[in-house]
2 protein chains.
Amino acid sequence: MGIETLNTEEITIKDIAKVCGVGVSTVSRAINNHPDISPKTKQKIADAIEEYGYIPNNSARNLRRIDGKCIAVVVKGVSNPLFADAVQIMEEEIKKRKYSMVIRYVNFDEQEVDVAIELAKEKKLAGVVFLGGYFVREKKKLQKLRIPFVLSTAGANVDNISAEEYSVFCVDDEKEGYRMTDYLIRLGHKKIAVLSGMPDDASIGKLRLKGYKRALKEHGIAVDEDLILHMKRDIRFYSMENGYQMTQELLTGRKEFTCIFAFSDAMAIGACRAIADAGKKVPDDYSVAGFDGIEMGDYYNPQLTTIKQPIHEIAMESVTMLFEILDKKSENVRRIFSCELLERESTRHRKVL
Amino acid sequence: MGIETLNTEEITIKDIAKVCGVGVSTVSRAINNHPDISPKTKQKIADAIEEYGYIPNNSARNLRRIDGKCIAVVVKGVSNPLFADAVQIMEEEIKKRKYSMVIRYVNFDEQEVDVAIELAKEKKLAGVVFLGGYFVREKKKLQKLRIPFVLSTAGANVDNISAEEYSVFCVDDEKEGYRMTDYLIRLGHKKIAVLSGMPDDASIGKLRLKGYKRALKEHGIAVDEDLILHMKRDIRFYSMENGYQMTQELLTGRKEFTCIFAFSDAMAIGACRAIADAGKKVPDDYSVAGFDGIEMGDYYNPQLTTIKQPIHEIAMESVTMLFEILDKKSENVRRIFSCELLERESTRHRKVL
DNA sequence: ATTGTTTTCTGAAACGTTTCCGGTAACGTT
DNA sequence: AACGTTACCGGAAACGTTTCAGAAAACAAT
């Protein structure tokens with residue numbers, strides 16, 4: 001059915017134009033929902049596109065377009081299950097708006113902003129979502145990134161990320177760190193070890209730690225720096241493996257502790273494994289608490305006590321807001337999401353001696 | 001240092017050419033390691049590129065290039081931890097060869113081949129890796145995909161994927177299904193429930209099931225179809241949730257069983273959770289075995305007995321071979337990788353009544 | 001009929017590369 | 001000195017699309 005005289009290898013916008021008896025620019029306008037077009041021709045073009053299975057070449061589009069319809073998601077930390085969820089949601093939202101998404105994972109020692117700048121050069125991006133990055137002393141670089149961006153699950157109260165300068169979507173890490181520590185103390189724990197971030201962590205890890213210390217202080221418990229472990233640089237950060245190693249150190253050390261507060265669920269799981277390998281039990285011998293609220297926490301044995309971040313909402317809001325900024329419908333905003341403390345099996349009242 | 005008279009917004013190949021006093025095509029040749037160029041000018045150009053931080057625009061390259069230096073990875077099944085590992089390795093290998101990678105996840109009800117074809121239209125791909133797909137009755141479509149491709153972790157013995165027609169990298173699912181079942185039987189289990197694939201599964205699930213049945217038969221155990229569960233369509237397949245649901249059905253049903261063989265580690269973990277929620281214990285009350293050998297299996301409580309797929313090698317080989325095919329250095333090959341049965345805590349000898 | 005206004009469309013110029021084809025320079029050989 | 005060969009290089013044409021400036025058509029108002 002229809003005109004079958006097209007035997008070209010790949011069918012282009014020109015073919016569609018020819019078939020419809022219109023100019024190439026008309027087809028373009030039809031595709032991109034530009035105003036200056038009659039419903040009739042628009043329909044005709046739509047039909048032809050359907051019939052011939054035409055798909056616009058993305059490279060050509062992005063090359064010419066004034067605003068590349070592509071947004072980049074730069075994720076700090078590969079294979080973080082929390083982010084995996086977020087990325088998925090973002091992808092859906094981005095696709096829904098007919099944008100394409102490019103994702104890049106960066107290690108702890110890479111500068112996410114640099115990565116974004118490079119990406120912008122080679123791709124022509126409309127905007128960037130930074131997921132889980134650290135943005136201390138990055139102001140200048142962020143300015144070099146001329147396109148709109150949002151900071152998602154970035155530390156909320158870090159010195160340099162202030163006020164309405166940027167769009168930030170995250171939880172109050174200090175408060176949540178406090179909340180969990182307070183909970184653990186109320187369970188009777190006094191010697192609470194912490195599996196925290198990088199030694200020179202300047203973002204979420206630092207904030208959660210601040211909350212931890214505040215809680216101890218408020219309860220009149222001295223902070224013991226020996227109980228604050230920092231993760232190893234050479235291992236994937238916030239990973240099970242990292243948690244495992246730190247916990248092993250803890251267990252073989254001479255410092256007493258009854259409880260571990262890990263700054264990610266993955267590390268908490270690593271901790272549980274290390275404890276089990278040492279012939280001990282969670283929560284009988286040690287209580288273990290995590291942070292994030294990943295799906296695995298539900299399934300793990302014991303079920304993980306944790307701070308559940310509303311990652312779905314954070315992801316959703318982040319891209320929604322990015323698009324509003326792109327549409328000039330909105331200014332920068334900062335939204336702090338509150339978390340939920342899930343009391344589950346991995347923590348319990350401290351055993352009385 | 002250097003000529004600082006370039007105040008253009010974005011610096012292009014023309015700028016580099018101008019700065020170096022050479023033609024644009026010379027710069028292009030220098031970048032792409034084409035032969036006709038003297039070491040001296042090549043160096044000069046390299047220096048200029050370095051100095052000005054020039055990054056070629058990818059859209060323009062892909063538009064013009066005869067062979068798009070991009071390979072697509074089409075993954076059947078989102079958020080499968082096994083594939084996450086594989087994807088990461090592939091990305092490294094692809095980047096190492098100066099190619100870019102585009103990844104697309106497809107659901108069970110989407111045709112991965114169609115997705116690849118569409119992708120090829122909009123991107124100009126050099127090749128495709130299909131990860132974990134099903135390729136029954138897809139011969140014709142695969143031919144429409146004019147570019148080279150490899151099938152990674154696709155069912156090895158499926159009827160239609162025969163001989164040297166395609167490049168296939170996978171494990172022998174029938175054999176491994178047999179191996180695990182045989183092991184479980186030797187532990188004394190006779191009533192082994194199976195958490196298998198989709199009802200109309202035509203690939204790995206079907207093959208593993210075949211191995212399962214063969215093992216039973218060889219041991220003189222009758223196959224009980226009621227113990228063969230198929231996963232739900234409306235839930236992410238091979239997921240913890242799916243395993244959980246199936247196990248719940250099993251537990252609330254009236255069929256007796258002493259052991260569960262799940263066709264993925266994730267489903268096995270779901271099974272463990274369901275058993276725990278029912279107040280039972282693994283492996284005391286039920287043995288549970290998985291398939292895949294994901295990292296989580298090491299950390300889970302109990303540690304999962306499973307069939308460990310050499311996913312790193314599979315991923316590595318898959319892209320290595322794809323590149324060899326691209327370079328015309330190699331014909332299609334089929335490599336079957338053998339797995340390792342990890343005997344761990346989630347299985348044990350059947351309790352005597 | 002003329003003019004103005006709005007709607008719809010078109011041709012051509014970009015976008016930044018790669019690739020083709022041919023040209024010049026350098027060198028060796030007679 | 002003339003020629004052939006090789007090694008480098010440059011100009012310009014693509015690639016397939018969007019965008020821009022303005023043309024044509026359609027309609028309305030005088």
Side-chain angles (χ1 to χ4, degrees), chain A residues 6 8-45 48-49 52-70 98-100 120-126, chain B residues 6 8-45 48-49 52-70 98-100 120-126:
Chain A
L6 250 38
T8 60
E9 203 48 80
E10 282 306 336
I11 122 152
T12 77
I13 197 174
K14 278 179 202 158
D15 301 318
I16 298 295
K18 206 180 298 172
V19 160
C20 293
V22 301
V24 133
S25 49
T26 304
V27 178
S28 175
R29 255 173 308 114
I31 292 169
N32 297 294
N33 287 318
H34 283 233
D36 282 4
I37 195 161
S38 77
K40 199 167 47 179
T41 47
K42 192 165 179 175
Q43 186 56 49
K44 187 166 59 179
I45 289 166
I49 286 173
Y52 291 92
Y54 163 68
I55 296 181
N57 178 301
N58 237 315
S59 299
R61 308 185 89 164
N62 285 330
L63 181 57
R64 191 52 177 83
R65 266 206 250 261
I66 206 77
D67 57 330
K69 292 217 178 304
C70 175
K98 302 284 183 198
Y99 276 59
S100 67
K121 281 188 192 168
E122 70 181 57
K123 305 277 293 194
K124 186 170 325 179
L125 302 171
Chain B
L6 251 39
T8 58
E9 203 48 80
E10 282 306 337
I11 123 152
T12 76
I13 197 174
K14 279 178 200 157
D15 300 318
I16 297 295
K18 205 179 297 169
V19 160
C20 293
V22 301
V24 139
S25 49
T26 304
V27 178
S28 175
R29 267 191 319 251
I31 293 170
N32 297 294
N33 286 318
H34 283 235
D36 282 4
I37 196 161
S38 78
K40 199 167 47 177
T41 46
K42 193 165 178 175
Q43 185 56 50
K44 186 166 62 180
I45 289 167
I49 286 173
Y52 290 92
Y54 163 66
I55 295 180
N57 178 301
N58 236 317
S59 298
R61 307 185 87 163
N62 285 330
L63 180 57
R64 191 67 227 317
R65 266 206 251 260
I66 206 75
D67 57 331
K69 292 217 179 303
C70 174
K98 303 284 184 196
Y99 276 59
S100 67
K121 281 189 194 167
E122 70 181 56
K123 305 277 291 196
K124 188 170 324 183
L125 302 171

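Values reported hereafter were calculated over all heavy atoms of this structure, with side chains retained and with hydrogens, waters and symmetry mates removed. Below, read A as the first sequence line, B as the second, and so on, with proteins coming before strands; counting in each chain starts at 1.
Direction of the helix axis in the helix from C:dA1-D:dT30 to C:dT30-D:dA1 shifts by 50° between the two five-pair termini, rounded to 10°.
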Pairs under 3.5 angstrom, nitrogen or oxygen only, protein versus nucleotides 23-25 of chain C, please.
none

Side-chain donor-acceptor pairs of residues 35-42 of chain B under 3.5 Å, sequence neighbours excluded:
residue: B:Ser38; atom: OG; partner: B:Thr41; partner atom: N; Å: 3.3
residue: B:Ser38; atom: OG; partner: B:Thr41; partner atom: OG1; Å: 2.9
residue: B:Thr41; atom: OG1; partner: B:Ser38; partner atom: O; Å: 3.0
residue: B:Lys42; atom: NZ; partner: B:Asn33; partner atom: OD1; Å: 3.0

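A heavy-atom distance below 4.0 Å to DNA chain C is reached by these residues of residues 28-36 of chain B, ordered by number: B:Ser28, B:Asn32, B:His34. For the segment residues 60-70 of chain A, residues with any heavy atom less than 4.0 angstrom from an atom of DNA chain C are, sorted by number, A:Leu63, A:Arg64.
Looking at B:Lys14, its side chain never comes within 3.5 Å of a backbone N or O of B:Val24 through a donor-acceptor pair.
Here the CG atom belonging to A:Asn58 is positioned 12.0 Å from the CG atom belonging to B:Asn58, to the nearest 0.5 angstrom. The line from CG of B:Leu125 to CG of B:Asn62 is 9.0 Å long, rounded to the nearest 0.5 Å. Rounded to the nearest 0.5 angstrom, A:Ile11 CD1 and A:Asn57 CG are separated by 12.5 Å.
Protein chain A touches strand DNA chain D; the 5'-most and 3'-most nucleotides with an atom under 4.0 angstrom of its non-hydrogen atoms are D:dG16 to D:dT19.
The two atoms that bring A:Tyr99 and A:Gly68 nearest to each other are CE2-O, 4.5 Å, heavy atoms only. The heavy-atom pair separating A:Leu63 from B:Ser59 by the smallest distance is N-CB, 3.9 Å.
With sequence neighbours excluded, no residue forms a salt bridge (charged side-chain N to carboxylate O under 4.0 Å, His left out) with B:Lys123. By the side chain to side chain contact (heavy atoms under 4.5 Å, CB included) test, A:Gln43 pairs with A:Ala46, A:Asp47, sequence neighbours left out. Contacts of A:Cys20 classified as side chain to side chain contact (heavy atoms under 4.5 Å, CB included), with partners at least two apart in sequence or in another chain: A:Ile16, A:Val22, A:Lys44, A:Ile45, A:Ala48. Listed by chain and number, the residues in a side chain to side chain contact (heavy atoms under 4.5 Å, CB included) with B:Asn32 are B:Ser28, B:His34, B:Arg61, B:Arg65 (sequence neighbours excluded). Under the ring-ring contact (aromatic ring centres under 6.0 Å, His included) criterion, B:Tyr54 pairs with no residue, sequence neighbours left out. B:Lys121 pairs by the salt bridge (charged side-chain N to carboxylate O under 4.0 Å, His left out) definition with nothing, not counting sequence neighbours.
Among the atoms of the strands shown, none is found under 4.0 Å from any heavy atom of A:Ser59. Using a 4.0 Å heavy-atom distance criterion, A:Val22 is classed as a sugar-phosphate-only contact.
Between B:Ile31 and B:Arg29, every side-chain heavy-atom pair lies at or beyond the 4.5 Å cut-off.
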Dump the intermediate steps for side chain to side chain contact (heavy atoms under 4.5 Å, CB included) on A:Val19 and A:Tyr52, then the final yes or no. CA-CA 10 Å; A:Val19 160; A:Tyr52 291 92; 3.9 Å; yes
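At the phosphate of C:dC9, OP1 or OP2 sits under 4.0 Å from a side-chain N or O atom of A:Ser38.
Closest-nucleotide positions on DNA chain C for B:Val27 and A:Pro39 were compared, and the one nearer the 5' end corresponds to A:Pro39. Along DNA chain D, the nucleotide nearest to A:Pro56 and the one nearest to B:Gly21 differ in position, and the one closer to the 5' end is contacted by B:Gly21.
If you measure from atom CD of A:Gln43 to atom P of C:dT8, you get 15 Å, rounded to the nearest angstrom.
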